[in-house]
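Only a predicted model underlies this, so the values are computations on that prediction, with no experimental measurement involved. In what follows, chains carry the letters A, B, and so on, assigned in the order in which the sequence lines appear, proteins first and then strands, with residues in each chain numbered from 1.
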2 protein chains.
Amino acid sequence: MKQTAEPDGGLAPRTVTEPGPIRPFGSREQHLGALFEAVLTRGPLSRRDAARLTGLSAASVTKLVKPMISHGYLIENVREAGVPGRPQIPLQVDAGRHHAVGIKLMDGEIVGVVADLHAEVQSAHRMKYRDTSPEGVVSAIEEMTRILLERSPVDRARLLGIGVGLGGHINANTGVVVKSPFLGWRDVPLRKLLVERMNLPVVIENDVNTLAVAEQWFGAGSSFPSFALVTIGVGVGCALVLENQLWRGVSGAAGEFGHMVVDPDGPECHCGKRGCLEAVVGDTAIAATMSAAVGRRFTKVSQVVAQAHAGDPDARQVFTQAGVALGRAIAALLNLLNPPLVILSGEGMTASDLFIDALRAELDRDAFSSTATDCTVLVRPLPDETWARGAAATMLREGVLRSLSKLSDQVPA
Amino acid sequence: MKQTAEPDGGLAPRTVTEPGPIRPFGSREQHLGALFEAVLTRGPLSRRDAARLTGLSAASVTKLVKPMISHGYLIENVREAGVPGRPQIPLQVDAGRHHAVGIKLMDGEIVGVVADLHAEVQSAHRMKYRDTSPEGVVSAIEEMTRILLERSPVDRARLLGIGVGLGGHINANTGVVVKSPFLGWRDVPLRKLLVERMNLPVVIENDVNTLAVAEQWFGAGSSFPSFALVTIGVGVGCALVLENQLWRGVSGAAGEFGHMVVDPDGPECHCGKRGCLEAVVGDTAIAATMSAAVGRRFTKVSQVVAQAHAGDPDARQVFTQAGVALGRAIAALLNLLNPPLVILSGEGMTASDLFIDALRAELDRDAFSSTATDCTVLVRPLPDETWARGAAATMLREGVLRSLSKLSDQVPA
DNA sequence: CCCGTTAGTTCACTGCGTCAAGCAATAGTG
DNA sequence: CACTATTGCTTGACGCAGTGAACTAACGGG
């Protein structure tokens, strides 16, 4: 805590020097972005429908779309008639026009993809790495990028950059890894290092946040202004999108969900506390609980999952307990923020059938008033490269919105 | 939960009918509001400083301030020289120009105030009521308003309306009390009833939210774009202000903090679960825990507080435990949202010395990375009418911002 | 008394979105 | 096969809001 004081030290600043947070002018940039997002996420769209979606007038849409077409962001599809009246001209994003590399850093392993503007994966690769020093990781990412771009060659001019997602406390604005337990890092300026080495735009972001961005652009999140994304796997993570904005918190550390204490008398967590959510429902926790219950050593969740699917009551019980704990934590989230949507994702959700019922029941039990009934809960098992895809999506979004804002009306030569 | 499904049912809406969420035009209304808020919360302010604060140009400030002065919202103070150059003209809000009634509904008791635009309380009153039917409550509020306005007569034209704060799930937009446990209500259109009876603008809002609004305008919150407000007393409540906006959630139920489960094996809660935060640190919980520990019957917290202040180790222990539980819950909040400020308030904070150290220690222990160090924690013991004052502030804000938006440049006759 | 300095005001200008009118392209109809 | 109804897109005049630059106002100091 910075300080604690009884306030009301009513300071009347004689000279105010705060930098005005208000944009001096023009919402054009925002409207360009909104229009692009609408066309991207809501499939092919006529100008008229785009106008309705964004709230702009048809005239404005025409004006704004023009430079986006001439610069190659959007393309006009062939008109399709069928109803009386002039047929609509479907607009869509020229997906192949822009690409990005997405990379997910894990403990000892790294997954990378090349994705186009629809976040369709063009190629993927997976490799191990040992050297966890900043230099080593940068080299691994360089190597990965080289391999990926060899497999699916992308014109450098059309490569928006590299998005990197990793667990821990990442300050996306400064590009600094504030703290990453699995790498043992503190305050490593990863973005700077990567930009210097690769000479390409780089975005680094918490891995769960990258998933949320992908979900917001290409998934269920596109229909909801706010949602929470909870991932279950080795760890438990959470990302928040509030009013269409990724919520990062003051220091960029928002969304730390795994170390919420759900049972003060629960098992010890690697963070030093007892009964953290992660220590109850994380992968290692599942295996450990099962081992303790049966008296036989389980090292992997997959073994417990297999047992449970085979009908073993002990294994089923382990998952039921995990579901209850998870439900309790998510209920806390629901009660606190009352979001319209919660997406459950992560490797752990592939076995969601084993605990989803317990989770739901607990949600209904714990949720205050209508916070549970007013919330859609979505289960999203994770295809393997999705994390890396999310990182690519984050870079795509950043890059496209940035370049859109520089768009001028004039047609390029 | 509404539903659960694997999504990607990629619906391509042929005809889009969504109402565009974008404002058709003009940010003038927002700038008027921002300017007014700046002058209100940042004390007397010259046009120049106001410009710096809001980010507007000096020219714009001149233009926007003109109608606010001619309509009596702002007044020019006498200039004060001292430095070379033309002296500044301090602008300030004409506090006496607008008033509002603020009312806090409690179980069997009702507190009301009349407040001016600075939320200075002009007069206050407190009374009991028995009839908890909607009719009865409306009558009590009417009676209260009558008494308050007798004591401090306010020109009806200058009375912006009545703000009502009460615990429970309140939908401020529709003016409906969705659920109020202490009144035993469900879906009561309280605002409608009050408007009909009183023929005045009415705002109803969750009581903790009204406190947050007051804090945002007149308290520490005015210097932070986002903060969380946690109240401890009979119940435990929470309100969130995110990016200068009160966060209500989809259904207006956000901020339910008291029924987060902090200890699954803890004491039973009146909500039916076990180990809710409220059941561990609420007023009745404190008394109950103390009774159990000592084997003597305590019915009021004040008794336990007295014992603790007298040095009774049992009593002190009770508060220490409560501090730990509270710290744990607030740490969860910190980790999830990473806000720059948390304000601790409510009647319970008058005894904050008994548990604040335990709370702080737990925060530091539980918080991930820098979420605790980057967060200012403020203790705000509650003067008695503050709840009602908050309700008045909510009405003032609503009323003023609404009427500002109708302001035209022309000088009134 | 004039100068430097700072605050506030005026005004021509510009960017941006809108409205209204016009143009374009289809299906249906006599 | 015109002709009309219908719907989508485009164009241009308009208005609003905010700005920069020039100007006026009001002070202290030499």
Asker: Side chain of A:R28 only, heavy atoms from C-beta on: which candidate in C:dG17, D:dC9, D:dT19 is closest?
Answerer: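 Nearest to the side-chain atoms of A:R28, counting from C-beta on, is C:dG17.
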Asker: Round to a whole Å and report the spacing from CD1 of A:I89 to C1' of D:dT7.
Answerer: 12 Å
Asker: Any sub-3.5 Å donor-acceptor pair from B:D155's side-chain atoms to B:R158's backbone N or O?
Answerer: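 Not confirmed, B:D155 side chain does not pair with B:R158 backbone.
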Asker: Can you tell which of D:dG28, D:dA26, C:dC11 lies closest to the side chain of B:P87?
Answerer: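 Of the options given, the side chain of B:P87 lies nearest D:dA26.
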Asker: Which nucleotide in the list D:dC27, D:dT19, D:dT10 gets nearest to the side chain of B:L56?
Answerer: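 The listed nucleotide nearest to B:L56's side chain is D:dT19.
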Asker: Write down the distance between CG (B:L64) and P (C:dT10), rounded to a whole number of angstrom.
Answerer: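 After rounding, the reported distance stands at 14 Å.
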Asker: Return the value, rounded to whole Å, for the distance between atom CZ of A:R52 and atom C1' of D:dC9.
Answerer: 13 Å
Asker: Give the minimum heavy-atom separation between B:L404 and B:M68, together with the two atoms involved.
Answerer: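 For B:L404 and B:M68, the tightest heavy-atom pair comes out as CD2-SD, 3.7 Å.
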Asker: How many whole angstroms separate atom NZ of A:K63 from atom C1' of C:dG15?
Answerer: 9 Å
Asker: Assess, by modelled atom type and distance only, whether the side chains of A:N338 and B:S251 contain a donor and an acceptor separated by less than 3.5 Å.
Answerer: yes
Asker: Ignoring backbone atoms, test whether A:S60 places a side-chain nitrogen or oxygen under 4.0 Å from the OP1 or OP2 oxygen of C:dT18.
Answerer: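 Result: yes.
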Asker: Check the distance between C:dT26's P and A:R48's CZ and give it to me in whole angstrom.
Answerer: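 Spelled out: CZ on A:R48 to P on C:dT26 is 17 Å.
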Asker: Which of parallel (below 30°), tilted (30 to 60°) and perpendicular (above 60°) describes B:W217 and B:F36?
Answerer: tilted
Asker: B:R79 has an atom CZ; how far is it from atom P of D:dA26, in whole Å?
Answerer: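 Going from B:R79 (CZ) to D:dA26 (P), I get 6 Å.
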Asker: Expressed in angstrom and rounded to an integer, what is the separation of A:E76 atom CD from D:dG8 atom P?
Answerer: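 These atoms are roughly 15 Å apart.
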Asker: Can you figure out which of C:dT9, C:dC16, C:dA27 approaches the side chain of B:A58 most closely?
Answerer: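 Of the candidates, C:dT9 comes closest.
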Asker: Check every atom of D:dG8, C:dA7, C:dT18 against the side chain of A:Q88 and return the nucleotide holding the closest atom.
Answerer: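 Shortest atom-to-atom distance from the side chain points to D:dG8.
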Asker: Quick one: side chain to side chain donor-acceptor pair (under 3.5 Å) partners of B:N244, sequence neighbours excluded?
Answerer: none
Asker: The side chain of A:S46 is closest to which nucleotide in this list: D:dT19, C:dC19, D:dC9?
Answerer: D:dC9
Asker: Rounded to the nearest Å, what distance is computed from the NZ atom of residue A:K66 to the C1' atom of nucleotide D:dT11?
Answerer: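 Answer to the nearest Å: 8 Å.
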Asker: Where the side chain of A:A59 is defined as all heavy atoms beyond and including C-beta, which of D:dT19, C:dC19, C:dG17 is the nearest nucleotide?
Answerer: C:dC19
Asker: Taking OP1 and OP2 of C:dG17, is either one under 4.0 Å from a side-chain nitrogen or oxygen of A:H31?
Answerer: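 Answer is yes, contact under 4.0 Å.
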Asker: Can a side chain N or O of B:S27 be found less than 4.0 Å away from OP1 or OP2 on D:dG18?
Answerer: yes
Asker: Considering only side-chain heavy atoms of A:R86, which listed nucleotide, C:dG17, D:dC9, D:dG18, is closest?
Answerer: D:dC9
Asker: Could you tell me whether the phosphate oxygens of D:dC9, OP1 or OP2, come under 4.0 Å of any side-chain nitrogen or oxygen in A:T62?
Answerer: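 For D:dC9, OP1/OP2 do not have a side-chain N/O of A:T62 under 4.0 Å.
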